[in-house]
**Q** 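Here it is, the structure in full.
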Protein chains: 2
Amino acid sequence: SGPVKGRKPHWAVRASEMSKRTFNPIRAIVDSMKVAPNPEKPLISLSIGDPTVFGNLPTDEEVVQAMKDALDTGNYNGYAPSVGYQSCRDVVAKYYSCPEAPLEAQDVILTSGCSQAIELALAVLANPGQNILVPRPGFSLYKTLALSLGIEVKFYNLLPEKSWEADLKQMESLVDDKTACLIVNNPSNPCGSIFSKSHLQKIVAVASRQCIPILADEIYAEMVFEDCKYEALATVSPQVPVLSCGGLAKRWLVPGWRMGWILIHDRRDIFGKEIRDGLLRLSQRILGPCTVVQGALGGILRRTSSEFYHNTLSFLKSNADLCYTALSAVCGLNPVQPSGAMYLMVGIQMEHFPEFENDVEFTERLIAEQSVFCLPAACFEYPSFFRVVLSVPEDMMAEACQRIRQFCEQHYQDGEGCQEPECDK
Amino acid sequence: SGPVKGRKPHWAVRASEMSKRTFNPIRAIVDSMKVAPNPEKPLISLSIGDPTVFGNLPTDEEVVQAMKDALDTGNYNGYAPSVGYQSCRDVVAKYYSCPEAPLEAQDVILTSGCSQAIELALAVLANPGQNILVPRPGFSLYKTLALSLGIEVKFYNLLPEKSWEADLKQMESLVDDKTACLIVNNPSNPCGSIFSKSHLQKIVAVASRQCIPILADEIYAEMVFEDCKYEALATVSPQVPVLSCGGLAKRWLVPGWRMGWILIHDRRDIFGKEIRDGLLRLSQRILGPCTVVQGALGGILRRTSSEFYHNTLSFLKSNADLCYTALSAVCGLNPVQPSGAMYLMVGIQMEHFPEFENDVEFTERLIAEQSVFCLPAACFEYPSFFRVVLSVPEDMMAEACQRIRQFCEQHYQDGEGCQEPECDK
Ligand SMILES: Cc1ncc(COP(=O)(O)O)c(C=O)c1O
Ligand SMILES: Cc1ncc(COP(=O)(O)O)c(C=O)c1O
């Protein structure tokens, strides 16, 4: 071909279709909110899933020390294999291996955060034009990545009245011959819910009947409150192959360090060499996570004290109780008690707040009047709820609940012709 | 739709088309070489562009200290914005800003290594079905990423007899109405060549005439030997918009840390908001580089001593001279003198080595007989050459050259009917 003859080219640089399809709904909703907090009250932000922002939840000293040790060896400055150092993959494999779901180094791929783990897993499992099943409410990155890759998203419902268990029937009804994988997020962002072993078994049964592999987003693995037990999905899935995505971000309170992993569970050899090779090839595009953090992994996983984990969880649990109790007493709100992770979802009886069109407007006005910032659950494809992040210091949590109560009291209206009985809280 | 009625689904998990298209030619060629080194000689690997593997080129102490300082603040554990902390973008902007090509924080996007910088730049500039112009010989990642994204690659030639300058005419002849960008890699991997200011101006003139933006891969920025001057491409490009990709990997000798960046040079506002927004959206997929390294950036860029840079370069230059001199004296080889980076390309007069079909076979036998591992330039789409990495300790460099000489002497044949005069080296 060559340049068109006789016509001078002109400048017309356009952003690619993919960049336009890549879309973070949280950013879009939050940016559109553009509302100033009440200048008379200091802002309390309960919006970001980053446990480090308030400084009240530092990581364990051993975690920092492990990084310094890795730096001091001088052995972690060069390129690692794109899937991570063999020795570090081995450390992760040993840490997560268990009799029901054994792992070896070759089953572990280290990634730049759990986000890249999910990206690689989706990119290897699905072609453009295929679809994936995604929880609603659910973490927005699944849709962002899927649309970016040209993959369609179908939502299965989580049921608040059943502690956010999945609607299995509706889930199974979504499957068609283009369904490439089922995403299961447990413990859940934004719900803070934990699936029981028997519920996980039922989910696996759906995948097994339909022959669909599972992408298990287990970034909040083990982050469950006392009385509750976390089960890795792969332990109840001898048949269905699972890519479990995890990382250091939440449990070790270092989300910025961008250390994630994929654990490949494939006891029936259904993924086989095909998917493993695909993951390896895709990992070569940007070459894995920071080698210093890789070098620290052994120390981090071995030396972090059980006290540290315990303290984090009892702090989150105490905030969860505080928030749940306070908001349960507020007319027009239905908080759902969480069992883990670091979130709590609150239902809004919209019919009692007729001033507000939806959860976005509700949370927007909550900022404007009370300087409390919660994410509207529209960010998670789930209207009429908002999400509270539980990692804030206790006094801020209490103050925020107090302000939310005041806000609701000012705007609550007994619904005429409204189904619900009047509030007698 | 729903599952096909009456037919039981079966397992058939296939890796995606994209994962199959994602292809690292170096890995493919090297893996296919599968040849054991000579057990009587210890292996000398001159194949990987990782200056840290031999331990003779540690990074500066200040670089390590900056990491420890960042860890100690406790301020770099949380999520940064996906394009990096504002303060760290500012540090990079100030470091690279100059009167001819000014930069501000908003012009800098921090990435997970220069690899991700290149990935984001390509992903925002080109759609599937479009093409990009790529140097030959050149770094293999361009093609890997382009094919992964469904973008076509067209090669423009670098001319060894002109110190690896680009064949501008041939370059321009490749342009068509689907050409989305021109990749310029200076200093060059694998050539070790540096473009003069006037040659850069001529390249920019082509892009300007054809209205094609430039992706400048400047990961080896400032890595030039004395007597030679490095010019950032953007400084000679007031009109043509440039995405300059760089990072810490090579100059600061920490490739594993995965810190890269895109510098957006767009003085005529041709990229405008469109490309900036696209890069921002794409960055949200995996959320940027490790925050500890971000926190260390200020210290790294400010405190690394000029001695450190100087020592690295004089070491590389001395190895380059050693290697060039030694191999110039070998019949059948034509080394091309480098001016920077950390590589040297060696032409093989294949007609004098009739035993070997090509550069791959030549280097394969060099391993088998002499335990010296150089990459065949087929890895860079350029047959009949091999690439030498110059970062090895001096005694290994000397020993390797000695063994290459021995190998060539054993296999060199005066070509009957061969064009070249007989070797009188
Ligand atoms: C459910 C879920 N998955 C994945 C991630 C991403 O984790 P990372 O920061 O390691 O990329 C998050 C972060 O908030 C999350 O909530
Ligand atoms: C020309 C060139 N560009 C980019 C890179 C990748 O740099 P990084 O390790 O920062 O991803 C390399 C690495 O060898 C290179 O040689």
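Only heavy atoms go into these numbers, but all of them, side chains included; no hydrogens, no water, no symmetry mates. Chain letters run A, B, ... following the sequence lines, proteins first, then strands; residues in each count from 1.
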**Q** Check Trp11(B) against Ile212(A) and note the closest heavy-atom contact, atom names and distance.
**A** CH2-N, 3.3 Å
**Q** Please report the shortest heavy-atom distance between Arg209(B) and Pro9(A), naming the atom on each side.
**A** O-CG, 3.4 Å
**Q** Chain B heavy atoms under 4.5 Å from Arg276(A): which part of the residue, side chain, backbone, both or neither?
**A** neither
**Q** What option among Pro58(A), Cys181(A), Ala117(A), Ser148(A) has the most heavy-atom pairs under 4.5 Å with chain B?
**A** Ser148(A)
**Q** Any ion pair linking Asp72(A) and Lys68(B) (charged N to carboxylate O, less than 4.0 Å)?
**A** yes
**Q** Would the number of heavy atoms belonging to other residues, nucleotides or ligands and lying under 6.0 Å from CD of Gln170(B) be above 12?
**A** yes
**Q** Chain A: which of Asp277(B), Val63(B), Val240(B), Leu149(B) shares the most heavy-atom pairs with it under 4.5 Å?
**A** Val240(B)
**Q** So Leu125(B) and Ser16(A), side-chain contact (heavy atoms from CB on, under 4.5 Å) or not? Walk me through it.
**A** CA-CA 6 Å; Leu125(B) 288 177; Ser16(A) 67; over 6 Å; no
**Q** Name the region of Leu141(A), side chain, backbone, both or neither, that has any atom closer than 4.5 Å to a heavy atom of chain B.
**A** side chain
**Q** With a 4.5 angstrom heavy-atom cut-off, which part of Val293(A) approaches chain B: side chain, backbone, both or neither?
**A** side chain
**Q** Below 4.5 Å from any heavy atom of chain B, which atoms of Leu145(A) appear? Answer side chain, backbone, both or neither.
**A** side chain
**Q** Evaluate the side-chain proximity of Met18(A) to Leu282(B): yes if any heavy-atom separation is below 4.5 Å, no if none is.
**A** yes
**Q** Is Glu17(A) in contact with chain B via its backbone, its side chain, both, or neither, using a 4.5 Å heavy-atom distance?
**A** both
**Q** Just verifying a value: how many Å separate Leu279(A) CG and Thr22(B) OG1, rounded to the nearest 0.5 Å?
**A** 11.0 Å
**Q** Based on non-hydrogen pairs under 4.5 Å, which of Ser19(B), Cys211(B), Ser115(B) is most in contact with chain A?
**A** Cys211(B)
**Q** Relative to chain B, which segment of Thr52(A) carries a heavy atom at a distance below 4.5 Å: side chain, backbone, both, or neither?
**A** side chain
**Q** Chain B: which of Ala15(A), Gly278(A), Gly295(A) shares the most heavy-atom pairs with it under 4.5 Å?
**A** Ala15(A)
**Q** Does any backbone or side-chain atom of Ala249(B) lie under 4.5 Å from a heavy atom of chain A? Answer side chain, backbone, both or neither.
**A** side chain
**Q** Tell me which of these, Met67(A), Arg281(A), Gln284(A), has more heavy-atom pairs under 4.5 Å with chain B than the rest.
**A** Arg281(A)
**Q** Check the surroundings of atom NZ in Lys178(A): do more than 12 heavy atoms from other residues, nucleotides or ligands lie under 6.0 Å from it?
**A** no
**Q** State, yes or no, whether a side-chain contact exists between Leu71(B) and Leu71(A) at a heavy-atom distance under 4.5 Å.
**A** yes
**Q** With side chain to side chain contact (heavy atoms under 4.5 Å, CB included) as the test, pick out the partner of Asn77(A) among Val254(B), Asp50(B), Leu253(B).
**A** Val254(B)
**Q** Which bit of Ala207(A) comes within less than 4.5 Å of chain B, counting heavy atoms only: side chain, backbone, both or neither?
**A** backbone
**Q** Please check if the side chain of Thr291(B) supplies one atom and the backbone of Gly256(A) the other of a donor-acceptor pair under 3.5 Å.
**A** yes
**Q** Quick one: are Val292(A) and Val292(B) in side-chain contact, heavy atoms under 4.5 Å?
**A** no
**Q** Counting heavy-atom pairs under 4.5 Å with chain A, which one of Pro289(B), Ala180(B), Pro241(B) comes out on top?
**A** Pro241(B)
**Q** Can you tell which of Gly113(A), Cys114(A), Ala123(A) has the highest number of heavy-atom pairs within less than 4.5 Å of chain B?
**A** Ala123(A)
**Q** Is Pro128(A) in contact with chain B via its backbone, its side chain, both, or neither, using a 4.5 Å heavy-atom distance?
**A** neither
**Q** Examine whether an atom of Val53(A) lies under 4.5 Å from a heavy atom of chain B, and if so say whether it belongs to the side chain, the backbone or both; otherwise answer neither.
**A** neither
**Q** Compare every heavy atom of Leu287(A) with every heavy atom of Arg258(B), then report the nearest pair and how far apart it is.
**A** NE-O, 3.4 Å
**Q** Is a side-chain donor-acceptor pair under 3.5 Å present for Thr144(A) with Arg285(B)?
**A** no
**Q** Given heavy-atom pairs under 4.5 angstrom as the criterion, report whether the side chain, backbone, both or neither of Tyr76(A) touches chain B.
**A** backbone
**Q** Please rank Gln116(A), Met259(A), Glu274(A) by heavy-atom pairs under 4.5 Å with chain B and give me the top one.
**A** Glu274(A)
**Q** Check each atom of Lys250(A) against the heavy atoms of chain B and say whether the ones under 4.5 Å are side chain, backbone, both or neither.
**A** side chain
**Q** Please name the pair of heavy atoms, one in Ser112(A) and one in Ser112(B), separated by the smallest distance, quoted to 0.1 Å.
**A** OG-OG, 4.0 Å
**Q** Identify which of Thr111(A), Leu120(A), Asn127(A), Asn75(A) forms the greatest number of heavy-atom pairs closer than 4.5 Å to chain B.
**A** Asn127(A)
